[in-house]
Amino acid sequence: MAHDEQILAASQKHPIKPLDKGQLYKYGTAGFRMNADLLEGVTFRVGLLASLRSRKLGGQAIGVMVTASHNPAVDNGVKVVDPMGEMLEQDWEKFATALVNAPSDDDLVKTYNKLATDLKINLNIPAKVIYGRDTRPSGHTLVTALAAALDATKTEHVDYKLLTTPQLHYLVRATNSEGTPMSYGKVSEAGYYEKLATAFVRAMKGKKIEGQLVVDCANGVGGPKLTEFLKYIPKDKVNFDVKVVNDDVLRPEVLNLDCGADFVKTKQRAPPSPKPRPGVRSCSLDGDADRLMYYWVDPETGFFMLDGDRISSLAASFIGELVEAANLKDSLRIGVVQTAYANGASTNYITQHLRLPVVCTPTGVKHLHHVAQGYDIGVYFEANGHGTVLFSNDALSTFKNTSPQSPAQKDALDTLSAMADLINQTVGDAISDMLMVEVILAHKGWSLRDWAMTYTDLPNRLVRVEVGNKDLFATTDAERRLSSPEGAQEEIDYEVKKYKDARSFARASGTENACRVYAEAATRSEANELAERVARIIERYGGGGL
Ligand code: 16G
Ligand code: MG
């Protein structure tokens, strides 16, 4: 029967901390994320939710990841992963929010039981939850609270300890597909490395990787995991010279500090330490290794960054060529999914040069992922470096079952099939994406400079605007236009018209209490000026600065 007493007793040991008056905990795009001191009770309650979700789905394994990604070390976060390794179904976010905001332990038990009744969940069937965490010191306390909730609800659970976020997503899918024809791989961390290493060798096809790759791991969990992965690459098959830097996970305070993918993207420069060596191919992961940025420091022209838009167009171009060489152009639909933040030049390159369709969705991985699933091959990346390439079951069986009519066609089919194994199908994965980029550069014989030459970004500027009330702002057209407050969009349109090749939009942030304004235009000074003008409009409509 119900687990009331056990939940009550355990909840008292992992109590929820009340927030300031009028404030509620909210399951947002990144789950619950905040100062770790507030998260013990939250994580306990997320355990209850994960258990309910598993039972609702007939006992399939649900994942819980404890991480705050690129946030500072004092923060942490907790999010739920669905059975196929996807983000928690959106409808369930409000159930998570309801459980976490239950004011007392009694209310918590009531909410838990009400959800079970309303959602017709049988509390007597088996449930399973698997979980992992990044290197934050608070992670240990949080998973202890999580385990207490799982014990209280008689949920089987597996603690995978330190993992990157994409590894946990992999393990969830591997667990649920084990023993089926769609098995995703061995259910272990080693299984993840083996799958990637094997696919990497197959996809490389004996091509050579030029020079060294320096990988900045944000002093996060990606450091030890990448080092472990590299041991699985057979040296006689692929000579991959990787220098792992910023991989100090023993001093928590250095996590994401002046390094990592978010630093590189927002500061538009290389991490100061270790001192960048001119011309060396470099990339940065974020604190939980689900975002990737490439860059190099040119002795003449300085820093140059290849962000999610560039990775997306590189992947789309390579896969498009392979599909053509495999003679599958008419049978497989390829699409590219971006957000409004994608540089207009990348969109033009993909639609006009690669001749592939581009769809724009609202910000947030779940939106892009969902649309990408509608294609046989769906390439999706946010400019911030989070993304992946999804292959449908149809695409996978086509690669396997097409009988090649020429060695070139066979080659293309083999490479496509290896790419599908190499690229994480559950979520954006910095390590897997990095291997994908290395394969593509090796096949094309390109340096980062060659890659950068494919198109020239439009100058752009992103501004964070403090407003009295960000909830006044609602968007439409995949966040490219404001539907409210009334009159604001007309003012933005009026400003945009004054500039050449210009575009600008404003949206309320999903992760902090502010609005963001993006502008691009033909020149840097125009992009800056337009962004400032639109920011002033937003400030005025948003109830003034704080
Ligand atoms: C979250 C999203 C990320 C998005 C960012 C936007 C996930 C897993 N993460 O971190 O995709 O780019 O929010 O933040 O969906 P913003 O709403 O504050 O601009
Ligand atoms: Mg991350």
Side-chain angles (χ1 to χ4, degrees), residues 26-34 63 65-72 75-82 85-90 93 132-136 163-169 217-222 225 255-256 259-266 284-293 307-309 312 337-342 360-372 380-388 424 426-433 462-467 470-471 473 475 478-479 505-518 538:
K26 187 167 183 293
Y27 194 101
T29 41
F32 296 102
R33 189 184 292 183
M34 54 192 61
M65 183 69 198
V66 173
T67 177
S69 185
H70 55 276
N71 285 37
D75 287 353
N76 214 328
V78 53
K79 60 183 169 190
V80 179
V81 179
D82 262 356
E86 291 148 351
M87 309 272 171
L88 175 66
E89 186 183 293
Q90 213 167 331
E93 292 180 1
R133 60 186 162 92
D134 71 15
T135 54
R136 288 174 162 80
L163 289 178
T164 69
T165 294
Q167 284 180 325
L168 192 262
H169 285 251
C217 298
N219 293 318
V221 67
K225 299 307 177 186
L255 173 66
N256 296 319
C259 58
D262 194 60
F263 173 90
V264 171
K265 177 71 180 164
T266 52
S284 287
L285 325 180
D286 72 337
D288 64 336
D290 65 355
R291 278 168 60 174
L292 178 69
M293 287 286 147
D307 66 0
D309 297 343
S312 163
V337 190
Q338 301 184 319
T339 71
Y341 289 111
C360 184
T361 74
T363 305
V365 172
K366 61 187 171 210
H367 301 296
L368 289 101
H369 190 93
H370 182 72
V371 174
Y380 78 84
F381 278 85
E382 289 194 306
N384 67 21
H386 186 118
T388 191
N424 196 320
T426 62
V427 77
D429 180 336
I431 294 179
S432 150
D433 287 343
L462 182 63
V463 187
R464 182 180 182 281
V465 188
E466 298 274 344
V467 290
K470 72 164 179 172
D471 298 330
F473 296 89
T475 57
E479 299 181 328
F505 67 89
R507 56 178 279 278
S509 159
T511 62
E512 45 180 331
N513 194 22
C515 283
R516 301 198 199 287
V517 166
Y518 175 89
I538 296 307

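Order of appearance sets the numbers: ligands from 1, and atoms from 1 within every ligand.
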Peer 1: Take Arg33 and Thr511 through the side chain to side chain contact (heavy atoms under 4.5 Å, CB included) test and state the conclusion after the steps.
Peer 2: CA-CA 9 Å; Arg33 189 184 292 183; Thr511 62; over 6 Å; no
Peer 1: So, using ring-ring contact (aromatic ring centres under 6.0 Å, His included) as the criterion, who are the partners of Tyr27 when residues are at least two apart?
Peer 2: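 For Tyr27, the residues satisfying ring-ring contact (aromatic ring centres under 6.0 Å, His included) (neighbours in sequence not counted) are Phe32.
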Peer 1: Is a donor on one side and an acceptor on the other found under 3.5 Å between the side chain of Asn256 and the backbone of His70?
Peer 2: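 The answer is yes, because a donor-acceptor pair under 3.5 Å joins these two groups.
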Peer 1: Which pair of non-hydrogen atoms, one from Ala68 and one from Asp134, has the smallest distance, and what is that distance?
Peer 2: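 For Ala68 and Asp134, the tightest heavy-atom pair comes out as N-OD2, 3.5 Å.
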Peer 1: Answer with yes or no whether the side chains of Asp286 and Ser69 bring together a donor and an acceptor at under 3.5 Å.
Peer 2: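 Asp286 and Ser69 do have a side-chain donor-acceptor pair below 3.5 Å.
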Peer 1: Measuring from Leu285:CG to Thr164:OG1, what's the distance to the nearest 0.5 Å?
Peer 2: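 Those atoms lie 9.5 Å apart.
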Peer 1: Looking at Lys265 and Glu382, is there a salt bridge between them, counting it only when a charged N and a carboxylate O are closer than 4.0 Å?
Peer 2: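 Salt bridge: no.
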Peer 1: Who are the salt bridge (charged side-chain N to carboxylate O under 4.0 Å, His left out) partners of Arg133, not counting sequence neighbours?
Peer 2: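 None.
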Peer 1: For ligand 1, give me the residues whose heavy-atom distance to it is below 4.0 Å, by chain and number please.
Peer 2: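 Thr29, Met87, Thr363, Gly364, Val365, Glu382, Asn384, Arg507, Ser509, Gly510, Thr511, Arg516.
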Peer 1: With no hydrogens and no angle check, is any side-chain donor or acceptor of Asp429 less than 3.5 Å from a backbone partner on Asp433?
Peer 2: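 Not a single qualifying donor-acceptor pair exists.
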Peer 1: Listing by chain and number, which protein N, O or S atoms are under 2.8 Å from the Mg ion (ligand 2)?
Peer 2: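 You should have found Ser69 OG, Asp286 OD2, Asp288 OD1, Asp290 OD1.
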